[in-house]
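Structure first, then comments.
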Amino acid sequence: MTVVDTTPPPVARGLHRTLWALQGVLGVFLIVASAGPKLFGEANAVQTFEDMGAAPWFRYLVGLLELAGGIGLLVPRLAGLAAVGLALLMVGAAITQAFILDGGALVLTPVVLFALFVFIAWGRRHSIRRLFKR
């Protein structure tokens, strides 16, 4: 009988450190600078959602998704899955910025964040698989 090793290959030390640095910076950014203003009703955040024609509940929903994603990036087991969810959220943000808010160059922010979240999800792909193998 042969034994098959199903453990994922280890992530290189440099990649692992880079991912953790990105996850830490982006996680704190999402919690403090992105979700916080939406959840606490900061004037610019409220105005942006009013400019979109969105109801207040939508601002709270986006803020909660950003908060959950930011926390998820800081939890080793959930970081990959959180990055996938945040990448999807950034697709919506980029579309909104480009077509509803006519943001011009401001569309680059969610596009860059999308790329960073995809990079994190790729780097943590083995942890994502482990979540669903149970």
Side-chain angles (χ1 to χ4, degrees):
M1 176 174 203
T2 24
V3 177
V4 178
D5 184 17
T6 59
T7 58
V11 176
R13 182 175 291 198
L15 176 60
H16 183 68
R17 288 181 178 165
T18 300
L19 289 169
W20 269 115
L22 270 176
Q23 288 167 222
V25 169
L26 291 173
V28 170
F29 167 77
L30 283 165
I31 293 166
V32 175
S34 194
K38 290 175 183 77
L39 296 173
F40 291 112
E42 192 269 326
N44 289 332
V46 171
Q47 187 61 50
T48 299
F49 279 82
E50 286 176 359
D51 292 346
M52 290 184 335
W57 67 266
F58 188 66
R59 174 174 48 90
Y60 289 114
L61 174 64
V62 172
L64 287 172
L65 290 172
E66 291 174 343
L67 178 64
I71 292 169
L73 286 176
L74 302 175
V75 177
R77 184 177 199 164
L78 301 176
L81 192 60
V84 170
L86 289 165
L88 294 173
L89 188 64
M90 290 305 113
V91 170
I95 291 169
T96 301
Q97 197 65 257
F99 298 109
I100 297 175
L101 295 175
D102 298 320
L106 292 176
V107 76
L108 289 177
T109 302
V111 168
V112 169
L113 288 172
F114 170 82
L116 292 173
F117 292 136
V118 167
F119 175 68
I120 292 169
W122 171 81
R124 301 295 184 208
R125 64 193 176 278
H126 300 297
S127 67
I128 295 170
R129 284 190 204 126
R130 274 190 297 239
L131 285 174
F132 295 104
K133 277 195 170 187
R134 308 228 170 214

Worksheet item: Can a donor-acceptor pair be found between the side chains of Arg129 and His126 at a distance below 3.5 Å?
Response: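 Present: a donor and an acceptor within the cut-off.
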Non-hydrogen atoms of [X] and [Y] that approach each other most closely:
X: Val75; Y: Trp20; answer: C-CH2, 4.5 Å
X: Pro37; Y: Val32; answer: CD-O, 3.4 Å
X: Ala121; Y: Ala83; answer: N-CB, 3.7 Å
X: Ala93; Y: Pro110; answer: CB-CB, 3.8 Å
X: Ala35; Y: Gly63; answer: CB-O, 3.3 Å
X: Arg59; Y: Gly41; answer: NH1-CA, 3.5 Å

Heavy-atom distance under 4.5 Å between the side chains of [X] and [Y], does that happen here?
X: Thr18; Y: Phe119; result: yes
X: Leu26; Y: Leu86; result: no
X: His16; Y: Arg124; result: yes
X: Tyr60; Y: Leu39; result: yes
X: Leu30; Y: Leu73; result: yes
X: Arg130; Y: Lys133; result: no
X: Ile71; Y: Leu74; result: no

Practice prompt. Return the set of residues passing side chain to side chain donor-acceptor pair (under 3.5 Å) with Glu66 (not counting sequence neighbours), or none when no residue passes.
Written response: Ser34, Lys38
Worksheet entry | Sequence-distant partners of Trp122, side chain to side chain donor-acceptor pair (under 3.5 Å), two or more places apart |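 Side chain to side chain donor-acceptor pair (under 3.5 Å) list for Trp122, sorted by chain: empty.
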Worksheet item: Checking side-chain contact (heavy atoms from CB on, under 4.5 Å) against Thr109, which of Val107, Val112, Leu113 comes through?
Response: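 It is Leu113, the one option of Val107, Val112, Leu113 that forms the side-chain contact (heavy atoms from CB on, under 4.5 Å) with Thr109.
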Going only through I, L, V, M, F, W and Y residues with side-chain contacts under 4.5 Å, is there a path from [X] to [Y]?
X: Leu89; Y: Leu108; value: no
X: Phe40; Y: Leu65; value: no
X: Phe29; Y: Val118; value: yes

Worksheet item: If you look only at pairs with a residue in residues 91-120, which of them pass as a salt bridge (charged side-chain N to carboxylate O under 4.0 Å, His left out), with sequence neighbours excluded?
Response: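 Sorted pair list comes back empty.
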[atom1]-[atom2] distance between [X] and [Y], expressed to the nearest 0.5 angstrom:
X: Leu22; Y: Ile120; atom1: CG; atom2: CD1; result: 5.0 Å
X: Phe49; Y: Thr96; atom1: CZ; atom2: OG1; result: 8.0 Å
X: Leu116; Y: Leu19; atom1: CG; atom2: CG; result: 10.5 Å
X: Phe114; Y: Leu88; atom1: CZ; atom2: CG; result: 7.5 Å
X: Leu101; Y: Leu106; atom1: CG; atom2: CG; result: 9.0 Å
X: Met52; Y: Ile100; atom1: CE; atom2: CD1; result: 6.5 Å

Worksheet item: Stepwise, does the side chain to side chain contact (heavy atoms under 4.5 Å, CB included) test hold for Ile128 with Val84?
Response: CA-CA 9 Å; Ile128 295 170; Val84 170; 3.9 Å; yes
